[in-house]
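To keep things clear, I will list the structure first and then write my remarks on it.
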Amino acid sequence: MKNIMYHSTRDNNKKLTASQAVLQGLAEDGGLFVPEELPKLDVSIADLIKMDYKGIAYEVMKLFLTDYTEEELKYCIEHAYDNKFDTEEIAPLVFADGAYYLELFHGSTIAFKDMALSILPYLMTTAAKKNDLREEIVILTATSGDTGKAALAGFADVPGTRIVVFYPKNGVSPVQEKQMVTQRGSNVRVIGITGNFDDAQTGVKMMFNDASLKAELKDKGFVFSSANSINIGRLVPQVVYYVYAYVTLLKNGRIAEGDKINVTVPTGNFGNILAAYFAKHLGIPIDRLICASNSNKVLFDFFTTSRYDKLKEFNETDGSFDKDRKFTLTGSPSMDILISSNLERLIYLAADGSDVKDRELMSALNEKGAYTITDDMKAKLSDFESGYADEAKTEEFIKKLYDKTGYVIDTHTAVAGAVYADYKEKTGDDTVTVIASTASPYKFARTVMTAIDPANKDKNDFELIDLLNQISNVAIPQAIEDIRTAPVLHDIVCDKEDMPEEVKKFLS
Ligand SMILES: *Cc1c(COP(=O)(O)O)cnc(C)c1O
């Protein structure tokens with residue numbers, strides 16, 4: 001099998017093995033690690049059909065993580081996709097009203113982040129052994145709500161690691177916050193910041209690039225790594241479920257071999273949809289990749305105009321960019337993001353792997369708040385469609401789907417559902433479509449239940465959870481039961497400037 005090395009999107013020369021890239025998380029120059037080339041499947045679809053989720057996971061991950069031995073990878077996979085998931089299928093496909101919902105929320109924290117974060121700790125500790133790492137690994141994490149809990153659950157009490165999670169104090173759902181601040185473990189710390197997700201993510205990236213902070217901590221025996229989707233160890237496990245979805249559709253006779261499918265992904269940091277793009281490169285016949293945004297529609301604006309602008313918003317009526325872009329808190333908080341990190345990887349690929357072009361565009365984004373890609377680059381992105389759904393549209397979709405089918409979906413998934421419905425109406429494209437269902441509706445019970453019946457707004461969160469249980473006939477997940485009575489163990493809130501201080505305090 002071909003050995004695949006990794007390098008930064010901003011420097012093609014300095015090469016790392018996969019395990020080194022997993023350990024490091026983010027490149028020192030601020031870029032993201034990308035594989036030298038995108039691999040192709042070396043088994044046939046006919047072989048994949050005979051495999052379960054873990055078998056497919058091995059066939060996909062071995063192509064990207066080539067310096068892990070077969071034994072190491074299989075060990076990681078076995079321990080990740082076990083009974084932490086509440087179904088042996090790991091990622092069930094549910095058909096409702098003309099689309100297939102790929103339920104990615106059956107892991108222990110009931111959001112799709114578990115798909116990768118249940119394996120990342122194994123990939124990372126294996127990488128530490130392989131590379132004779134002496135220091136303790138400190139996972140710095142910025143979260144818009146779901147990564148935080150999934151990373152905490154994955155890394156709690158894992159020897160040789162510590163984890164610090166920063167979340168926007170007023171920017172996550174009550175269930176998301178309760179899940180995080182009740183986290184147990186001797187190596188964990190959860191900190192709210194007075195700012196939004198972008199502030200948290202920028203603060204974390206600044207610590208990664210702060211040479212003196214890193215040197216100071218290295219003296220004390222610590223190195224940083226990342227559990228965000230900037231880590232290649234997050235992205236690779238996410239490729240698996242798109243392959244699994246295709247194989248499942250085929251196995252169930254919903255498509256014939258070679259048939260194309262579309263995928264619709266509710267998008268924030270662009271990790272999940274980028275994984276679908278990698279799956280397409282592996283050889284899975286995916287036609288359209290539909291990128292769905294909420295009111296923070298910076299990605300829709302980008303795909304529509306070729307201009308990525310975090311400060312100004314595209315006006316569809318007159319084609320101008322003269323209105324200030326506002327960061328909006330929505331009912332789909334895990335997509336409330338204006339600086340979409342993983343897009344840099346796509347930009348790099350669209351620039352034919354030019355680190356020079358990548359650096360030019362990323363410094364324009366830093367310095368001027370915007371960049372525009374060339375027509376050649378735009379042409380390379382022709383696989384992508386995009387759309388957005390505001391709050392009203394999202395809630396309307398939840399209600400409509402429930403009224404019609406009895407199936408209840410979460411707010412993020414509903415953004416994707418609404419965008420897909422628009423796409424289908426506009427284009428008449430009736431290709432079989434998989435919608436990434438990224439969270440359990442229980443995690444966003446308030447918005448979901450008031451969308452279904454506005455009279456529910458006066459009930460408390462746990463009343464809404466019990467009501468959701470009655471109307472959906474879906475058992476209340478353990479993750480929800482766990483927080484009903486759990487004590488709050490973390491109550492630190494800090495300004496974004498003080499994030500490094502808080503990390504130092506935790507490590508001293
Ligand atoms: C993280 C998250 C998203 C966005 O995924 P990205 O990979 O950041 O694009 C969507 N929905 C939910 C529920 C999430 O937790």
Side-chain angles (χ1 to χ4, degrees), residues 32 101-107 109-117 120 141-153 165 167-168 171-173 175-177 179-180 197-198 200-201 226-232 234-239 241-242 263-279 289-294 296-300 302-303 330-346 384 386 388-389 394 398 409-419 435-445 447-448 477 479:
L32 277 64
Y101 289 82
L102 179 64
E103 294 190 346
L104 302 172
F105 54 77
H106 288 269
T109 76
I110 59 176
F112 96 94
K113 303 300 196 289
D114 289 325
M115 300 304 295
L117 282 165
L120 185 66
T141 304
T143 185
S144 54
D146 291 327
T147 289
K149 180 62 185 186
L152 288 163
V165 168
Y167 73 97
V172 300
S173 86
V175 171
Q176 286 177 317
E177 179 167 40
Q179 277 189 305
M180 288 189 279
F197 170 75
D198 289 325
Q201 176 159 258
S226 166
N228 282 97
S229 56
I230 52 179
N231 194 319
I232 199 79
R234 270 278 302 274
L235 215 49
V236 170
Q238 291 177 186
V239 180
Y241 47 74
Y242 291 106
V263 244
T264 307
V265 185
T267 298
N269 230 355
F270 211 77
N272 201 357
I273 194 164
L274 188 68
Y277 184 68
F278 283 11
L289 293 145
I290 304 164
C291 173
S293 301
N294 65 20
N296 295 295
K297 63 180 184 67
V298 64
L299 288 166
F300 167 80
F302 168 69
F303 282 111
T330 71
S332 45
S334 303
M335 296 158 68
D336 291 344
I337 292 174
L338 294 179
I339 307 168
S340 189
S341 287
N342 275 291
L343 189 67
E344 181 171 348
R345 289 188 164 114
L346 185 68
F384 290 87
S386 68
Y388 70 98
T394 305
I398 293 174
I409 57 173
D410 102 289
T411 46
H412 304 74
T413 309
V415 167
V419 165
I435 295 176
S437 180
T438 49
S440 160
Y442 281 102
K443 213 162 182 174
F444 303 94
T447 318
V448 168

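Both ligands and their constituent atoms are indexed starting at 1 by order of listing. The shown structure was predicted, so the numbers you read here are calculated from the model rather than taken from an experiment.
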Inventory of protein N or O atoms under 3.5 Å from ligand 1 N or O:
| from | atom 1 | to | atom 2 | distance (Å) |
| --- | --- | --- | --- | --- |
| ligand 1 | 7 (O) | Gly271 | N | 3.2 |
| ligand 1 | 7 (O) | Asn272 | N | 2.9 |
| ligand 1 | 8 (O) | Asn269 | N | 2.8 |
| ligand 1 | 9 (O) | Gly268 | N | 2.8 |
| ligand 1 | 9 (O) | Asn269 | N | 3.2 |
| ligand 1 | 9 (O) | Phe270 | N | 3.0 |
| ligand 1 | 11 (N) | Thr438 | OG1 | 2.9 |
| ligand 1 | 15 (O) | Lys113 | NZ | 2.6 |
| ligand 1 | 15 (O) | Asp146 | OD2 | 2.5 |

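Not a single side-chain hydrogen bond (donor to acceptor under 3.5 Å, both in side chains) links Lys113 to another residue, sequence neighbours left out.
Using modelled atom types, one finds no donor on one side chain facing an acceptor on the other under 3.5 Å when comparing Ser229 with Gln238. Under the 3.5 Å distance criterion, with hydrogens and angles disregarded, no donor-acceptor pair is assigned to the side chains of Asn231 and Arg234. With hydrogens and angles left out, the side-chain atoms of Gln179 and Thr109 include no donor and acceptor closer than 3.5 Å. Under 3.5 Å, the side chains of Thr330 and Asp336 contain a donor-acceptor pair of N or O atoms.
In this pair, Phe384 and Phe303 present their aromatic rings parallel. The plane angle is below 30°, not in the 30 to 60° band.
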